[in-house]
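Take a look at the structure set out below.
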Amino acid sequence: MHEHREALDEEIEKIKRILSGNIKHYRKIKRISQQSLANICGLHRTYISDLENAKCNPTLSVLMVIADCLDVSLEDLLKEG
């Protein structure tokens, strides 16, 4: 059981890294700052920073808002490059 949990934790960290890179990538394509994205999404700039640095676990609702604000699909945010 302990080994399974470690594998799951590793997978979660991998997804967070993919997500963080994709948010930053799509934000830069739109040529907007973290502050601008935060304003558009109704979130705080430090939260966007934490997301881009894989420091937090966003809810599905937050991911859907961010995807919408970046004009990409939720799948695009989670897709490994």
Side-chain angles (χ1 to χ4, degrees):
M1 180 79 168
H2 181 67
E3 290 174 7
H4 178 70
R5 179 56 196 236
E6 284 180 10
L8 183 59
D9 288 344
E10 288 175 16
E11 185 67 19
I12 290 169
E13 289 305 311
K14 177 183 174 186
I15 292 168
K16 285 169 53 178
R17 285 191 305 274
I18 292 167
L19 174 66
S20 68
N22 286 341
I23 291 173
K24 188 173 189 175
H25 171 75
Y26 289 117
R27 177 178 61 77
K28 288 189 176 233
I29 286 175
K30 290 186 74 71
R31 295 184 174 158
I32 58 174
S33 66
Q34 288 180 346
Q35 185 65 62
S36 294
L37 179 58
N39 292 345
I40 295 165
C41 294
L43 300 169
H44 198 277
R45 188 208 53 84
T46 58
Y47 187 67
I48 298 296
S49 175
D50 286 347
L51 286 171
E52 288 188 1
N53 289 293
K55 292 183 178 177
C56 59
N57 292 314
T59 64
L60 180 57
S61 299
V62 166
L63 289 179
M64 292 178 74
V65 166
I66 292 171
D68 184 60
C69 292
L70 290 172
D71 297 318
V72 298
S73 68
L74 180 59
E75 292 81 8
D76 287 336
L77 285 185
L78 298 171
K79 184 174 24 178
E80 190 167 14

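Computed from a prediction, not measured in an experiment: that's the story for all the values here.
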Where is the tightest heavy-atom contact between Val62 and Leu43, given as atom of each residue plus distance?
CG1-CD1, 4.2 Å
Specify the closest pair of heavy atoms between His44 and Ala38, including all atoms of both residues, with the distance to one decimal.
C-CB, 3.7 Å
Spacing of Arg31 atom CZ and Ser36 atom OG [to the nearest 0.5 Å]
14.0 Å
Note: Cys69 and Ile40 closest approach over all heavy atoms is SG-CG2, 3.6 Å
Let me check something: do Ile32 and Val65 share a hydrophobic cluster, defined by ILVMFWY side-chain heavy atoms less than 4.5 Å apart, either directly or through other members?
no
Say you draw a straight line from NE2 of His2 to CZ of Arg5; how long is it, rounded to the nearest 0.5 Å?
10.0 Å
OG of Ser49 to NZ of Lys55, rounded to nearest 0.5 Å, is 6.0 Å
Got more than 12 heavy atoms from elsewhere within 6.0 Å of NZ, Lys24?
no
Can you name the nearest heavy-atom pair linking Tyr47 to Cys56, along with the distance?
CE1-SG, 3.7 Å
What are the two closest non-hydrogen atoms of Ala54 and Lys16, and how far apart are they?
O-CE, 3.3 Å
Quick check for you: to the nearest 0.5 Å, what is the distance between Ile15 atom CD1 and Leu77 atom CG?
13.0 Å
Tell me whether Ile12 shares a hydrophobic cluster with Leu63, the cluster being built from Ile, Leu, Val, Met, Phe, Trp, Tyr side chains joined at under 4.5 Å.
no
Under the side chain to side chain contact (heavy atoms under 4.5 Å, CB included) criterion, do Leu19 and Leu78 qualify, and how do the steps go?
CA-CA 5 Å; Leu19 174 66; Leu78 298 171; 4.1 Å; yes
With rounding to the nearest 0.5 Å, note down the distance linking CZ in Arg45 to CG in Asp50.
9.0 Å
With a 4.5 Å heavy-atom cut-off, do Asp76 and Leu70 have their side chains touching?
no
Interatomic distance, CD1@Ile18 vs CD1@Ile23, rounded to 0.5 Å, equals 12.0 Å
Between Leu60 and Leu8, is there a shared hydrophobic cluster once you connect ILVMFWY residues whose side-chain heavy atoms come closer than 4.5 Å?
no
Report yes if some heavy atom in the side chain of Ile66 is under 4.5 Å from a heavy atom in the side chain of Pro58; otherwise report no.
no
